[in-house]
**Student:** 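Mind having a look at this structure? Questions to follow.
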Amino acid sequence: MVIGLLAITAIPTVTGVAFGVSEQRKANSRMQDEKRMAKFYMKVYCEGDSEKSRSLNGRRAVLRDTKVYLDHADPNIRKIPSHTVAAFFIAYPDDDNKRGDGLVSTISDNPPMLNWIYVDKDTLELKYGNRTQSIKHIVGHWGWTEDESGVLLNNKELWAAVEEEEDVWALYYDKNEDGLEGVVDPSKTVVEISIDRDLVVKPGENADASKT
Ligand SMILES: *[C@@H]1O[C@H](CO)[C@@H](O)[C@H](O)[C@H]1NC(C)=O
């Protein structure tokens, strides 16, 4: 499974290579689930009145240098160029298929390429990479809240933003629910956030209209 090298439209063909017939049937029926395959921006929701909270609220997950950062929704006002995450859920091709849905994002639009989004098991940073790079880490289960608006990992919303440099925020998974103790330098600001699914094409819109 070399998802990093594939055009989006090539996924069905490739799952045929990676899975047996029954797995493929399962995967196909999932893929026909348009909702899970609907691409979304990962939008930060951050309560709170502090300047930092307000600056984080409404940002989007973006990709650069193997990591997921949180930057302005408008690419033109980002200080560091990056690719905006456009993500969707799809079964992670694990050897035993036990890790449920993974999260895939575009990493470039032209040519269209995809990578897995995963949590580094040691540093708890969100990263992106191909199957080889991701498989030893936390790759699932990804999912959503009951109202389908919040992004979950292993049924929890343990997202944290870490200010790694001034106004440079990276996305982390606070797996141990301790504010990333022992994982990030205590001098750095850690802010609890939620990640919302902000659909690229809103229900009722058609894909062509959204491009104009
Ligand atoms: C995965 O990415 C790494 C680093 O970019 C690369 O060396 C490796 O060849 C890739 N593996 C596959 C299977 O594409």
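Atoms within each ligand, like the ligands themselves, are counted from 1 in listed order.
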**Student:** Using a 4.0 Å cut-off to any heavy atom of T132, which atoms of ligand 1 qualify?
**Tutor:** 11 (N), 13 (C)
**Student:** Yes or no on side-chain contact (heavy atoms from CB on, under 4.5 Å) for E177 and L158, after CA distance, side-chain angles and deciding distance?
**Tutor:** CA-CA 7 Å; E177 301 182 58; L158 300 175; 3.5 Å; yes
**Student:** In this structure, are over 12 heavy atoms from other groups packed under 6.0 Å from Q133 atom CD?
**Tutor:** yes
**Student:** Considering only heavy atoms of N130, which atoms of ligand 1 have at least one such atom less than 4.0 Å away?
**Tutor:** 1 (C), 2 (O), 3 (C), 8 (C), 10 (C), 11 (N), 12 (C), 14 (O)
**Student:** Answer yes or no: is there a donor N or O on one side and an acceptor on the other, between the side chain of S53 and the main chain of D49, under 3.5 Å?
**Tutor:** no
**Student:** Below a 4.0 angstrom heavy-atom separation, can you tell me which part of Q133, side chain or backbone, both or neither, approaches ligand 1?
**Tutor:** side chain
**Student:** Using the benzene-type ring in the case of Trp, are the ring centres of Y92 and W116 under 6.0 Å apart?
**Tutor:** yes
